[in-house]
Every structure is written in structure tokens, then in C-alpha cells.
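A short write-up of the structure that comes next.
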Amino acid sequence: MKPKFTNSARYKCLEYLKKHSVDLYLCYCGMEECEPGHYYGPATRSEYLIHYILSGKGIFQADGKTYHLGEYNAFVIYPDEITFYQADTEDPWTYIWVGFGGAKAETCLNYASLNKENRIGVFKCKEELVNCVKGMLNASKLTYANDLKREGFLFMFLSALINENNANEQHNIYDYPYQIYVEHALEFIDHNYDKDIKVNDIANYIGIDRSYFANIFKKIMHVSPQQYLINYRLEKARNLLKKSNLSISEISERIGYSDPLYFSKLFKKYYNISPTEYRTQIEELVSASKKGE
DNA sequence: TTACAGAGAATCAATGAGGC
DNA sequence: GCCTCATTGATTCTCTGTAA
């Protein structure tokens, strides 16, 4: 079976997806029963590519290493790296492949314990993976509904790899299964601390209940989400006081507090010094150190 | 998930310092 | 004296954390 989804319209869409930092998108997929000695490369790819071997044997070369692979093995190719792979001359392999990209592509591979140091994985969920690729191929007609279907099968494909990896590993890469929620929360705070965000907004963004979120956040960070947000904002404020000449009102606005009076009060409560006094002290320290030079 | 106590956020008024 | 900016205190309402 030859790879599909190679027309120019698809590539235009992929360019759009790449530009807009979509989490995950499918580039192409396929399934092939290789001829003896059939090879590909040395060549590079512009996306992440996973091959999964259904039967037979072959070799895969990357980073100057050669891997001898067979049934249930998967190997991963990273964008822009030179690789080579070849089917065995006596027992050539049959494999499926999925090329994909997106902001979360590498993270997904990591969850499946696939990375540049560990390019090979063993996954017994053959039937599930084949069904996903067949699903993608059956939805090849270019319609919006099929786009969603293909993306759905891509998520299921990666989910199957991750699931099996988690079952095999004694410990997940996370100490807590819900640690990922906290990571998303930290990311959300980092991107939105300058806006009028509340703990409820963070919980909504992650898609879990507010009180449940506060609970797990504190379990991992040892501080409540709100406390963390305040500390984060005040640290940013201290940096702005040190490195800029912005007024207290402007700084207050930049860290997400619409009311400079409240910001000033909060700053004093946490640091026992008003923002203006803090700035004066910093300036005095700087001029003293210059005189000392 | 819910209820509730307590903390945080918002608002207003008063005051002070500094510049014009 | 007037204006702007910053700070502080008091009050009220909203939101958050937590236990059940």
C-alpha cells in the first residue's frame, strides 16, 4: 500500500498547522510489504516518523548505529536527521508508518519512551496500531470530517504506544499520574500572569474541577495555586522594579493587577517594603557598587 | 462534588511627597 | 495651591482552599 495524503492542498494545510503551533497533526501514513532488500535513504524527513514492524526483519541506521529489528519493534526518526533502513534479503519486513508533527509530538514520543537516545521500542499492541493506520487510510478523502477522523486515529495510535509503555514501566515518568495537570497549570500561569486570571480559569483551561485542581497542585507544589500565582507576579514585579523605569501603576498592570493600590499593598505585605522603597534601595546599592569599583 | 470559613480582591477615602 | 503619583486603612464582596 502506498502512502497517501501527498497532494499540494494537504501540504498547504500542514504548513498552516505548523505555523499555528497545533499540538499534533498527521502528515502521512502507510503500510507496506517490502521486497527483499528494499531500502530507503540515506535521507532526511521534515517531520517525526514512526515505523512499526508487523512481521519479517530489517535494519535501521541512525547516529552511526545499526539496529537489527523484527516483529513488534518500532523505530523513530526525528526531523532533519539522516537515516537509512533496509528490509532483510531473506525475510523482508512488513511495516506500518505514521509521520506527524506538532508542538506536543516530542512529548508524546517521550511518554512512549522513544527519544534520540532510545530510538527502538517493543510494543505488543500490534492489532490496535494496525487498526489506527487502517482508520487513517480509510479516511483519506479530503473532507473536514475525515480530517478530524485522521487526527483522532493519530491520537489513538500514540495513546496505544504510551499506554503499553506505562504498563511496562515500573514507574511512570511522572511520580504522580496527575503531575501533567500541574505542568499545564504552570505553563498557563507563565503565559497569562499578566492578565486577570483566577484559579478557576486555570482549572477550566486544564479541564478539571477547581477544588480537585487546587488539591493536586498543592500536593505537588507544596503551595496553593493562588499563592503560587501571587509569588510569581510579585517576582516579575521585582524584576521590573530593578530593570525598568516603569511607574508603579504600569508595573501593576503588567503583572495582572488592574489596581495599583492593591498591588502596592500586596507588595508591602510580602516584602515588608513598598515598591518605591524597594526601587530606591536597589538604585542605592547599584550606585554604591559603582563607586566601589 | 459541595458547603462554608477565611483569605484575597476591589473600592473608596484620606494622606503625604514631589514637581510645576 | 494644584496636580500627579504612591501609600495606607477600612469596608464589602468575591473567590479560594479544604474537609466531608
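Order of the sequence lines fixes the chain letters, A, B, ..., with proteins taken first and strands second; residue numbering starts at 1 for each chain.
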How long is the line joining [atom1] of [X] and [atom2] of [N], in whole Å?
{"X": "L266(A)", "N": "dT7(C)", "atom1": "CG", "atom2": "C1'", "value": "14 Å"}
{"X": "I251(A)", "N": "dC5(C)", "atom1": "CD1", "atom2": "C1'", "value": "13 Å"}
{"X": "E250(A)", "N": "dT4(C)", "atom1": "CD", "atom2": "C1'", "value": "13 Å"}
{"X": "K265(A)", "N": "dA6(C)", "atom1": "NZ", "atom2": "P", "value": "16 Å"}
{"X": "I248(A)", "N": "dA6(C)", "atom1": "CD1", "atom2": "P", "value": "5 Å"}
{"X": "L229(A)", "N": "dC15(C)", "atom1": "CG", "atom2": "C1'", "value": "13 Å"}
{"X": "I273(A)", "N": "dA6(C)", "atom1": "CD1", "atom2": "C1'", "value": "14 Å"}
{"X": "F267(A)", "N": "dT7(C)", "atom1": "CZ", "atom2": "P", "value": "9 Å"}

Under 4.0 Å between a side-chain N/O of [X] and OP1 or OP2 of [N], yes or no?
{"X": "S264(A)", "N": "dA6(C)", "answer": "no"}
{"X": "S274(A)", "N": "dT7(C)", "answer": "yes"}
{"X": "T276(A)", "N": "dC5(C)", "answer": "no"}

For a quick check of understanding: with a heavy-atom distance under 4.0 Å over all strands, which category does P225(A) fall into, base, sugar-phosphate or nothing?
sugar-phosphate

Contacts of L261(A) and Y257(A) projected onto DNA chain B by closest heavy atom; the upstream (5') one is Y257(A)

So does G37(A) get a backbone contact from the side chain of Q86(A), meaning a donor-acceptor N/O pair under 3.5 Å?
yes

State which residue, out of Y67(A), Y85(A), W97(A), fulfils the ring-ring contact (aromatic ring centres under 6.0 Å, His included) condition with F75(A).
Y85(A)

Using the side-chain contact (heavy atoms from CB on, under 4.5 Å) rule, take E127(A) and N131(A) through it: C-alpha gap first, then chi angles, then the decisive distance, then the call.
CA-CA 6 Å; E127(A) 200 177 335; N131(A) 285 339; 4.0 Å; yes

For K126(A), I'd like to know if atom NZ has over 12 heavy atoms of other residues, nucleotides or ligands within 6.0 Å.
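Yes, NZ of K126(A) has more than 12 neighbouring heavy atoms, counting only those of other groups under 6.0 Å.
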
Which of the following nucleotides, dT8(C), dG8(B), dT7(C), is nearest to the side chain of I230(A)?
dG8(B)

Between CG on residue L114(A) and CD1 on residue I50(A), distance to nearest 0.5 Å:
6.0 Å

